[in-house]
Amino acid sequence: MLAFFIRRTLYSIPVLLVGSFLVFAMVSATFDPTDDLRGPRGGNVDAAEIERVIQAERERTGTDRPLVEQYASWIGGAVRLDFGDSWETRDTVGSRLWRAFGNTLQLIGWGILISAVLSVAIGVYSAVRQYTISDYLLTGLSYIGIAMPPFWFALLASQFMIFTLPNLLGTDKFLFISGLHSPGKSGIFNLDYLQHLVLPVATLTVQIIASWSRFQRASMLEVLSSDYVRTARAKGVPRRQVLYRHALRNALIPLVTVMAIDIGLLFGGLIITEQIFSIPGMGRLFIGSLLDGDNPVVAAYVLLTAVFIVIFNLIADFMYSVLDPRIRLS
Amino acid sequence: MTAVIEDPIVTSAKPRSQWLLFRRRFVRHIAAMIGLGTLTLLVVVCFAADLWVFYDPKLTSILEAGEGPSMAHWFGTDDNGRDYLTRIAYAGQLSLRIGFAVAFISTFVGASLGSIAGWFGGWVDELITRVVDLFLIVPAIVFLAVIGRKISEAEAFLWWDLGDEFLFYTIDRDTPIIFALAMFGWMQVARVTRAQVLSLKEKEFVEAARAAGASSTRIIVRHILPNCVGVLMVNLTLSIAGAIVAESTLSFLGLGVQEPQTSWGKMIADAKGFIGTEKVFMLYFPGLMLLLVVLSVNFIGDGLRDAFDPRSKQE
Amino acid sequence: MIRQRKRSLRLVAGALTLALVAAACGGDDDDPKEGDGDTTTTAAAEVPEGGELVIGAEQQPDCMAWILSCAGSSWGYWSANVHTMPRVFDTVKEGDAWVAKASALVTAEPELDLSDPAKPVVTYSINPDAVWNDETPVSCDDFEFTWRAVAEGDDVYDPTGYTDIESVDCPDPQTAVVTFSKVYSGWKQLFGGGYGIHPAHLLDGKDMEAEMASGYSFSAGPWVIESWEKDVEWTLVPNENYWGEDTAKLDKVIFRLQADTSAQFTAFKAGEVSVIYPQPQIDAVEQIEAGIEGAKSEYSANTGNLEALWINNAAFPFEDVAVRQAFAYSINRDAIVEALFGPLGVERPMHTLNPPILSEFADTEAWAGYTQDLDTVNELMEGAGWARNDDGFWEKDGKQADVEIKSTLGNRRREVTVTELISQLGESGFNVTFNPQDAGALFGEQGPAGDFQVALYAQVLTFITTGQCNLFCAKNIPSEANDNAGQNWTRTDIPELDEALEALDATLDEEEQARLGKQADAIQAENMISLPLDPLPNILLWSDTVVGPVSDNPVLGPFANLSQWGLAA
């Protein structure tokens, strides 16, 4: 099995290399760091002075060199986690990404935790209560959840929780829509943090909870109708024990695999969530840098996201093989 | 494709009865029928907008911008003073058009590459699989955002000139968006088709055809693909939903369709500043339409899956 | 959404000198237009002490090493520089006009001594009370250090003016004698401007980027930068050793970065930030019109911006002046400006291609004659040999009057403007399409290359000058001769106009400049070289819990007098 993972990892490397080159080439082709220096200006500007500034900027950003050379030095640094300097702020790209990553990690962490707990609970409950009203209700909700565009959900949820509901109740608002903390506050064990977290995490997870819970329900139903569960029941093992010790454990295997794959997709979902709720995470850093034409940040973000997705796909394979001994990886 | 035309039309009893069975199962799938009905209704309402709307979608009157609902304008007016209901119908045309076009293109590309990979195996398979991996390692939204920023120049990416009309389809400013979205929508189809072809390749009827001296193209087109129809149709419906949401997400970020065109996603983006004001209702209508379409399409997809492969039935 | 206000430091410096020019001309009557009666000024005595104020910021400083080329964001200048770096000249409101006045840093108003015309001299008498927060006095050394850092440093944003200084002499620590090698008319912006005076005792021999780029703790202003959590927020706290009169009243001011204009507004309405300075976007203006509970506001149209439809005078069909005029007569600019900016008190379109802050030198009525008038359009077009085709569009020699309007991507206000134009121009026979562009491509490639027919964007004034020769003189049409760096993207080529603009550049007499400027405006309008629209007004909104003389300073920014603000209990 170890050999399988080593091979899979080795396979990923050329894919990542080719991918990163394409990304780098695409980003370089779309943004020229000197474009905005040529912007329309009033006043008598000396053309030679502008040309000098542009040339200096080219040298500073290294865009005066051929593309392949730029890429080679970039990827050479990237494997040592040195992504160069941000064109906008002069900070290292690494430090900007690292700061943003902390916030993103909080969102992802809470998002996965809450999604996992809720979707397993909902899935198991629906499966056990198959064809009852509550099952139909939850299934219906999950259909809506899957179909709901996350950014629309975010806006509706903000309107309702920040404005409509407090107005109806005549109270102060009890959630926040900007950032992860009130200004000057920090830490993750306080009410303020929770109040900031609810809306973004809900936005991030609504689709995931809906689809995972449907998945969990299906796989639970399959297990419940399997021979070994029936046998166990027939032998007189208590229902509760059958449910949780036998059925749930086996029904979790497919979900865990799906989870690992979906976590990669979460990175995409973060862009919208962080933008709407002004959360200084990687998604917002990406969009901001993209719009400012800060190529080193954009390229580094894309590469890191790709690496994460590869890692989580590997984890998915690994989980699958560990949790289900019938599967032999070869 | 000449091979197909030369081929005598084989109508054995088996596929027909399977088709009948499929149809019966699909029609009995209540959710799918509701979905199909809703989607048809929405498509007709949007595309027949010319017949029922009271306002010219292009006519602006900026001094009447941002009015609330009234007898004259049931849903109020937008930032340019255009009737909001009319706008929703025309935005729907664009959203649906993009959704369908992207789904068809990406399914076609995915199915072709997937069956080629599955059928030929060896280095061809290896290459295509790696390309699929390449496209899957970064969330499409990231790539699309990068492309979207330059979408107005993206026409240059199309290396052939399609002219103004292509089949029944009008080439328009949204064409680059369609191609960009399709570029990142085919991988799943390719994977599924490849797996399907791999398993079909070993089946007796394929071996029989091969023994009879049929060419690869002919076996793929005549024997393999028809057996993938179920999977492909399910994927097609699901990618319609995916494409519509992807387009709306791009437009929400300001990187998708541009005025004077609009889509439901763009309408939501344009109304997002109205949170916490009386005009927040402008946010509701386009989102509701998106939700309805995606919901209907998903129901249809479920129905198709259940009908093609009753074993996979989840309910 | 794409941020629009990525203003450069050049702009900040430029705006300062411009205001000085305006001030030199005496009180002009084109003062900031204020919100309808909302603005209340509370006497300083009533402002309570203490409290934490949260301000929503649209951008963060790219870096805080102000003289380096990375410090490009005007938000950095407004929110940090003006509160910590000492400067010689302040911009204050006298009556209706904003004027430059010597700050408390100097004990006497500095004068330009021209007794030797080849070597102008300015003598600064530094206030002996003025100290840095480590209690080191602000001294002549700091002047000299600042001069050398700007004039001789690498990677300096803009050394203009400082390079004209020949020497800075220090007869005593409190006197700085600055000798110029030639007359630099913008001398008042030196030792202030976008940079401020830097402390020699802390920075001499040090790496400026390392010391300041991520924030710094020295200050000779009323505030000290306490912290800067990048991409999140930055915080000011009072300077305990501030030597001036207006010591800070608030305990803390937090600038919090918001994702975009609508996020700013939502956070403001939700009470999470108390002050915002948003762009004049559609939803912002509509919300102001609808009224925001508990909010006060100030709008200023006296800006250095001018938004216009810039026409490529060399591109079909606009090479014909009659078509350009017909184009102008097709458009109802009053309706557009009223719809977009009416709630901000801007009800008339601009009638000159000079920004409002330069109105002394402009004929502000030059374009007033161009109002929507379809009969005139028909007359002009038919007179020029055009006829309507079956689609109702003008056609000449088999070519239809197709017009593509380019603009920047993702700007909702411009989208709405162009959509309205498509409708209005369509009725008068022009087939208009909209093609928004990435700003870099539009300004970096298509503008200089003339790859546009009409472009909608704002011209932002960046340098001290009243002239427009760079924009409209034939010799500045991008060409081989000027390395394609000419700024006359509209390809205006009118000998008569060249003459007036060149004469304007050649004179230093302000009355003559004004006369020639007005004359040039008249020629431009007659030839309809482009169509001015609006001045892009500034918006400052604050919660009514914020008390004090809150107002938007056109030079030092909306938070210039932050130290006098307080929070109602």
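Predicted model only: the values in this text are computed from it and were never measured. The analysis underlying the following values was restricted to heavy atoms, covering all of them including side chains, and did not include hydrogens, waters or symmetry mates. Chain A is the first sequence line, chain B the second, and so forth, proteins listed ahead of strands; every chain is numbered from 1.
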ask   = Checking A:R99 side chain against C:V232 main chain: does a donor-acceptor pair fall under 3.5 Å?
value = no
query = Is chain A contacted by the side chain of C:K252, its backbone, both, or neither, given a heavy-atom distance below 4.5 Å?
reply = neither
key: Under 4.5 Å from any heavy atom of chain C - which part of A:F163   = side chain
key: Exam field: side chain C:E272 to backbone A:F176, donor-acceptor pair closer than 3.5 Å   = no
key: Per-residue contact mode, C:S214 against chain A (heavy atom under 4.5 angstrom)   = side chain
note = d(C:D231 CG, A:S289 OG) to nearest 0.5 Å is 8.0 Å
A:D172 atom CG, neighbour heavy-atom count above 12 within 6.0 Å = no
query = Which region of A:L285, side chain (C-beta onward) or backbone (N, CA, C, O), has a non-hydrogen atom less than 4.5 Å from a non-hydrogen atom of chain C, or is it both or neither?
reply = side chain
inquiry  = Counting neighbours of CH2 on C:W228 that are heavy atoms of other residues, nucleotides or ligands and sit closer than 6.0 Å, is the number greater than 12?
reply    = yes
request  = Output the option from C:A267, C:A263, C:A270, C:P61 having the highest count of non-hydrogen pairs under 4.5 Å with chain A.
outcome  = C:A270
task = Among the options C:E233, C:E209, C:K230, C:E52, pick out the one with the most heavy-atom pairs lying under 4.5 Å from chain A.
result = C:K230
Minimum-distance pair of heavy atoms, taken over all atoms of C:R256 and A:S182 = NH2-C, 4.1 Å
note = The single option from A:I162, A:L155, A:I177 that satisfies side chain to side chain contact (heavy atoms under 4.5 Å, CB included) with C:T266 is A:I177
query = By a 4.5 Å heavy-atom criterion (distance strictly below it), what part of A:D91 contacts chain C: side chain, backbone, both, or neither?
reply = side chain
